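Numbers for residues simply follow the sequence, beginning at 1. All figures in this text were calculated on a predicted structure; none of them were measured in a lab.
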Amino acid sequence: MEILLLTGVPQGTPSAVLPSLDLLPHTVRIAARDIRTLVSGPSPDVVLVDARVDLAEARATCRMLHATGSGFPLLAIVTDAGMIALSADWGLDDIVLATAGPAEIEARLRLAVGRLAPVTGTDSSTIRAGELTIDHDTYAAKLKGRPLDLTYKEFELLKFLAQHPGRVFTRDQLLREVWGYDYFGGTRTVDVHVRRLRAKLGSEYESMIGTVRQVGYKFVVPPTRGLPEREFAPAPVSV
């Protein structure tokens, strides 16, 4: 598991923030509490925010990460005294005490990652997101049962984004993941393919490919549409 630890003292070590973390077999990258850190390196599986001190700054960082729809499970490392400052508006998926043991930390990480895993059908080759269905084996994508006429790269881009709903990717990251490291084209290629994808999704669903200003793109699962309520005329009152 790739863990990104955001702290006010990025020159420190993970063990100085969460001692038991060193006892777990995970890759931990430590960095400053800055959203730009998320798009300047490898995509993590989970983000830990050091909220032992500077609670106001830690809260602002968590709220910003939640607002951008990063798609990563977000946990805060807190002290017993700091728990009184926590509330729903932090946008956290869970918390972990700085004194927690390795078994508790592992369980919280596993549960947080599992809760935000992409929802797929019973067939692992099929991705379902709202009314969009993507079949990897047949390279077919359907929206409300209607086949989408996609090129190979359009399909690969849509599939990759749909596999990571809510997670924000820079254009450089998308080039590496979809086009490969040996591709020498510019990031404008991504913009062109996103524009074509949105056109094929149609005006009703083009927002599924969301833009995060000055960062990149993300996949947005549209809300499930409820059935319209029927209006009934009032029953006559007998007199």
Do side-chain atoms of Asp172 reach the backbone of Leu174 as a donor and acceptor pair under 3.5 angstrom?
no
Give the minimum heavy-atom separation between Ala85 and Leu55, together with the two atoms involved.
CB-CD1, 3.8 Å
Contact check, side chains of Val220 and Ser207, non-hydrogen atoms, under 4.5 Å
no
From Leu18 CG over to Ile77 CD1, what is the distance, rounded to the nearest 0.5 angstrom?
4.5 Å
Glu206: what forms a side chain to side chain donor-acceptor pair (under 3.5 Å) with it, not counting sequence neighbours?
none
ILVMFWY cluster, Leu23 and Val17 together (side-chain gap under 4.5 Å)
no
When rounded to the nearest 0.5 angstrom, what distance separates OG1 in Thr61 from CZ in Arg59?
11.0 Å
Tell me if the aromatic rings of Phe219 and His164 count as close, with their centers under 6.0 Å from one another.
no
Report the distance from atom CZ of Phe169 to atom CD of Glu177, rounding to the nearest 0.5 Å.
6.5 Å
Is there a path of hydrophobic side-chain contacts, each under 4.5 Å between heavy atoms of I, L, V, M, F, W or Y residues, that connects Ile30 with Val53?
no
Would you compute the distance between atom CD1 of Ile95 and atom CG of Leu75 and round it to the nearest 0.5 angstrom?
9.0 Å
Straight-line distance of Arg63 CZ to Leu74 CG, nearest 0.5 Å:
12.5 Å
Counterpart residues, salt bridge (Lys or Arg N to Asp or Glu O under 4.0 Å), relative to Arg171 (two or more places apart)
Asp191
Taking all non-hydrogen atoms of both residues into account, name the closest pair between Leu4 and Ala31 and its distance.
CD1-CB, 4.2 Å
What I want to find out is whether Glu156 reaches Lys159 closely enough, with some N-O distance under 4.0 Å, to be called a salt bridge.
yes
Ignoring hydrogens and geometry, is there a side-chain-to-backbone donor-acceptor pair from Lys153 to Val178 under 3.5 Å?
yes
Hydrophobic cluster membership, Leu148 vs Tyr152, 4.5 Å side-chain cutoff:
yes
Heavy-atom side-chain proximity of Ile134 to Thr126 below 4.5 angstrom
no
Closest non-hydrogen contact found for Pro14 with Leu5 is CA-CD2, 3.8 Å
Taking Lys200 first and then Glu154, would you say they form a salt bridge - that is, a charged N and a carboxylate O separated by under 4.0 Å?
yes
So, using side chain to side chain donor-acceptor pair (under 3.5 Å) as the criterion, who are the partners of Arg198 when residues are at least two apart?
Thr211
Could you work out, with salt bridge (Lys or Arg N to Asp or Glu O under 4.0 Å) as the rule, every residue matching Asp22, not counting sequence neighbours?
none
If I take atom CG from residue Asp135 and atom CZ from residue Arg128, how far apart are they, to the nearest 0.5 angstrom?
8.5 Å
In the single-linkage hydrophobic clustering (I, L, V, M, F, W, Y; side-chain heavy atoms under 4.5 Å), do Val192 and Leu158 co-cluster?
no
So, for Asp50 and Ala58, which heavy atoms are closest and what is the spacing to 0.1 Å?
O-CB, 3.8 Å
Got a sec, which residues hit side chain to side chain donor-acceptor pair (under 3.5 Å) with Ser87, two or more places apart in sequence or on another chain?
Asp89
Using the ring of each side chain (for Trp, its six-membered ring), is His193 parallel, tilted or perpendicular to Trp179, with breaks at 30° and 60°?
perpendicular
Just by modelled atom types, is the Thr170 backbone N or O under 3.5 Å from a matching donor or acceptor in the Gln173 side chain?
yes
In chain order, what residues pass the side chain to side chain donor-acceptor pair (under 3.5 Å) check against Asp94, with sequence neighbours excluded?
Arg108
Closest heavy-atom contact between Ala98 and Arg52?
CB-CD, 4.0 Å
Among Ile105, Thr99, Val96, exactly one meets side chain to side chain contact (heavy atoms under 4.5 Å, CB included) together with Ser20. Which residue is that?
Ile105
